[in-house]
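In what follows, a structure is listed as structure tokens, so that the remarks can point back to it.
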Amino acid sequence: MSTSTEIPQYQNILTSQPADGVALITLNRPKALNALSSPLFEELNDALKRFDSDNNVRALVLTGSEKAFAAGADIKEMKDKEYSDVFKNRFLENWSLLTQIRKPIIAAVSGYALGGGCELAMMCDIILASPTAVFGQPEIDLGVIPGGGGTQRLARTIGKSRTMEIVLTGRKFTGAEAAAWGLVSRVSDNVLEDAIAVATAIASKSGVAVQAGKEAVNVAYESTLSEGLRFERRIFHGLFATVDQKEGMAAFVEKRKAAWQHL
């Protein structure tokens with residue numbers, strides 16, 4: 001793949017560049033249904049960081065296999081841990097590093113996205129689901145609760161009552177339900193191809209404006225309306241200092257296609 005960043009060979013993930021400006025990361029623990037382990041997250045975080053600093057990449061797609069996006073966290077890894085261990089070593093904290101990536105991440109979900117898999121999908125910016133997608137937070141069946149953001153991100157997206165039912169009963173829900181509730185953008189028969197198409201469309205825009213848009217939407221998700229409106233306005237104002245704003249508006253007036261410099 002032609003990038004300015006050398007991507008190493010990983011053991012638990014695969015990386016490629018399927019389209020101009022787009023990086024694809026595929027979870028690759030097929031025998032474990034892509035169960036999320038510490039080594040996998042170390043590799044995932046490393047790849048994300050490299051792609052985030054790569055000027056040739058402007059959008060990312062994260063996917064698993066047709067059978068499982070990620071069937072959950074690796075229970076074998078965590079079953080014998082003690083409180084002092086998980087507390088002192090900030091267990092699961094590095095999972096959320098994905099949310100600090102500035103470039104948009106599209107999750108293409110097929111099959112199981114349970115527990116940590118559901119949480120991983122929700123950390124992405126856009127979720128597309130196949131008709132086979134099955135989401136859920138079944139941690140209650142293990143005597144615990146979600147620890148990677150499941151209770152918080154679900155409640156903010158699908159509401160308290162549905163989240164309570166899912167978290168307290170462990171009930172799984174389909175991609176169609178997730179779409180109806182607003183958790184995923186849409187259900188797609190060709191989910192990976194469509195996710196790459198969305199990423200390609202994003203990558204064709206001004207990279208500066210795209211990152212600004214992602215930041216503004218995340219502020220809406222996490223703050224009050226008045227704070228969000230103020231932030232949005234300031235970001236909008238700030239984009240008038242960019243090369244791409246001048247080019248984009250000139251191209252519109254001149255009825256031609258903009259030539260983005262991502263500056």
Side-chain angles (χ1 to χ4, degrees), residues 12 25 27 29 32-38 40-42 44-45 48 62-65 67-79 81 83 85-87 89-101 105-130 132-185 187 191 217-218 220-223:
N12 299 289
I25 301 175
L27 305 181
R29 295 187 71 204
L33 295 178
N34 292 332
L36 303 172
S37 62
S38 293
L40 182 148
F41 257 98
E42 287 172 8
L44 177 60
N45 288 334
L48 287 167
L62 178 63
T63 194
S65 66
K67 193 170 185 180
F69 176 73
D74 192 332
I75 306 305
K76 291 179 181 178
E77 178 187 359
M78 67 173 72
K79 72 181 184 68
K81 289 184 179 293
Y83 172 78
D85 175 18
V86 295
F87 178 74
N89 293 302
R90 300 180 174 183
F91 185 54
L92 300 191
E93 191 170 316
N94 70 332
W95 286 29
S96 64
L97 292 176
L98 181 143
T99 63
Q100 298 174 25
I101 299 301
I105 304 172
I106 298 101
V109 178
S110 294
Y112 296 114
L114 303 177
C118 185
E119 291 169 318
L120 178 62
M122 289 192 291
M123 288 182 218
C124 297
D125 301 301
I126 299 169
I127 307 174
L128 301 185
S130 81
T132 67
V134 178
F135 297 88
Q137 300 289 165
E139 289 88 348
I140 199 74
D141 295 328
L142 302 174
V144 293
I145 68 168
T151 63
Q152 305 304 298
R153 291 191 172 93
L154 271 180
R156 281 167 168 76
T157 307
I158 69 173
K160 176 183 175 181
S161 183
R162 289 189 185 115
T163 301
M164 282 288 189
E165 180 186 358
I166 287 161
V167 170
L168 301 185
T169 70
R171 179 174 89 79
K172 301 173 181 65
F173 55 98
T174 65
E177 286 178 293
W181 297 343
L183 184 67
V184 309
S185 291
V187 176
V191 67
V217 172
N218 279 331
Y221 183 72
E222 297 169 359
S223 68

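In what follows, every heavy atom counts, from backbone to side chain, and hydrogens, waters and symmetry copies are set aside. What you see is a predicted model, and the numbers here were worked out from it, not measured in a lab.
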The ring-ring contact (aromatic ring centres under 6.0 Å, His included) partners of Tyr112 (sequence neighbours excluded) come to none
Of all residues at least two apart in sequence or in a different chain, which pass the side-chain contact (heavy atoms from CB on, under 4.5 Å) check with Ala35? Arg29, Ala32, Asp74
Those residues at least two apart in sequence (or on a different chain) that pass side chain to side chain donor-acceptor pair (under 3.5 Å) with Ser38 are Glu77
Rounded to the nearest 0.5 Å, how far apart are CD of Glu119 and CD of Gln152? 10.5 Å
Please enumerate all residues that pass side-chain contact (heavy atoms from CB on, under 4.5 Å) together with Ser110, with sequence neighbours excluded. Ser130, Thr132, Val191
Tell me, do Leu183 and Leu154 make a side-chain contact under 4.5 Å, heavy atoms counted? yes
For Leu168, check side-chain contact (heavy atoms from CB on, under 4.5 Å) against everything at least two apart and list the hits. Met164
Any Phe41 side-chain heavy atom under 4.5 Å of Leu97 side chain: no
By ring-ring contact (aromatic ring centres under 6.0 Å, His included) - contacts of Phe173 (at least two apart): Phe135, Trp181
State, yes or no, whether a side-chain contact exists between Thr99 and Arg153 at a heavy-atom distance under 4.5 Å. yes
Tell me the salt bridge (Lys or Arg N to Asp or Glu O under 4.0 Å) pairs involving residues 154-166, sequence neighbours left out? Glu165-Arg171
Under the side chain to side chain donor-acceptor pair (under 3.5 Å) rule, collect the residues that match up with Asn218, sequence neighbours excluded. none
Test Leu62 against every option in Ile127, Ile106, Leu98 by the side-chain contact (heavy atoms from CB on, under 4.5 Å) rule and name the one that passes. Leu98
Cut-off 3.5 Å, no hydrogens considered: what does the side-chain donor-acceptor table look like for residues 139-146, sequence neighbours left out?
residue : atom : partner : partner atom : Å
Glu139  : OE1  : Gln137  : NE2          : 3.2
Glu139  : OE2  : Gln137  : NE2          : 3.0

To the nearest 0.5 Å, what is the distance between CG on Leu40 and CG on Asn34? 7.5 Å
Heavy atoms of Gly117 and Phe69 approach each other most closely as O-CE2, 3.5 Å
Please list, chain by chain and in numerical order, all residues satisfying side-chain contact (heavy atoms from CB on, under 4.5 Å) with Glu42, sequence neighbours excluded. none
Kindly give the heavy-atom pair with the smallest separation between Gly115 and Pro138, and that separation in Å. N-CD, 3.5 Å
Where do Gly175 and Ala129 come nearest, in terms of heavy atoms and distance? CA-CB, 4.2 Å
Out of the candidates Leu33, Thr63, Leu36, only one should pair with Leu27 under the side-chain contact (heavy atoms from CB on, under 4.5 Å) rule; please name it. Leu36
Does Val109 reach the side chain of Val184, with side-chain heavy atoms less than 4.5 Å apart? no
In a check of side-chain contact (heavy atoms from CB on, under 4.5 Å) between Ile105 and each of Leu48, Ile25, Ile126, which one passes? Leu48
Once side chain to side chain donor-acceptor pair (under 3.5 Å) is applied, do any residues pair with Asn45, and if so which ones, sequence neighbours excluded? none
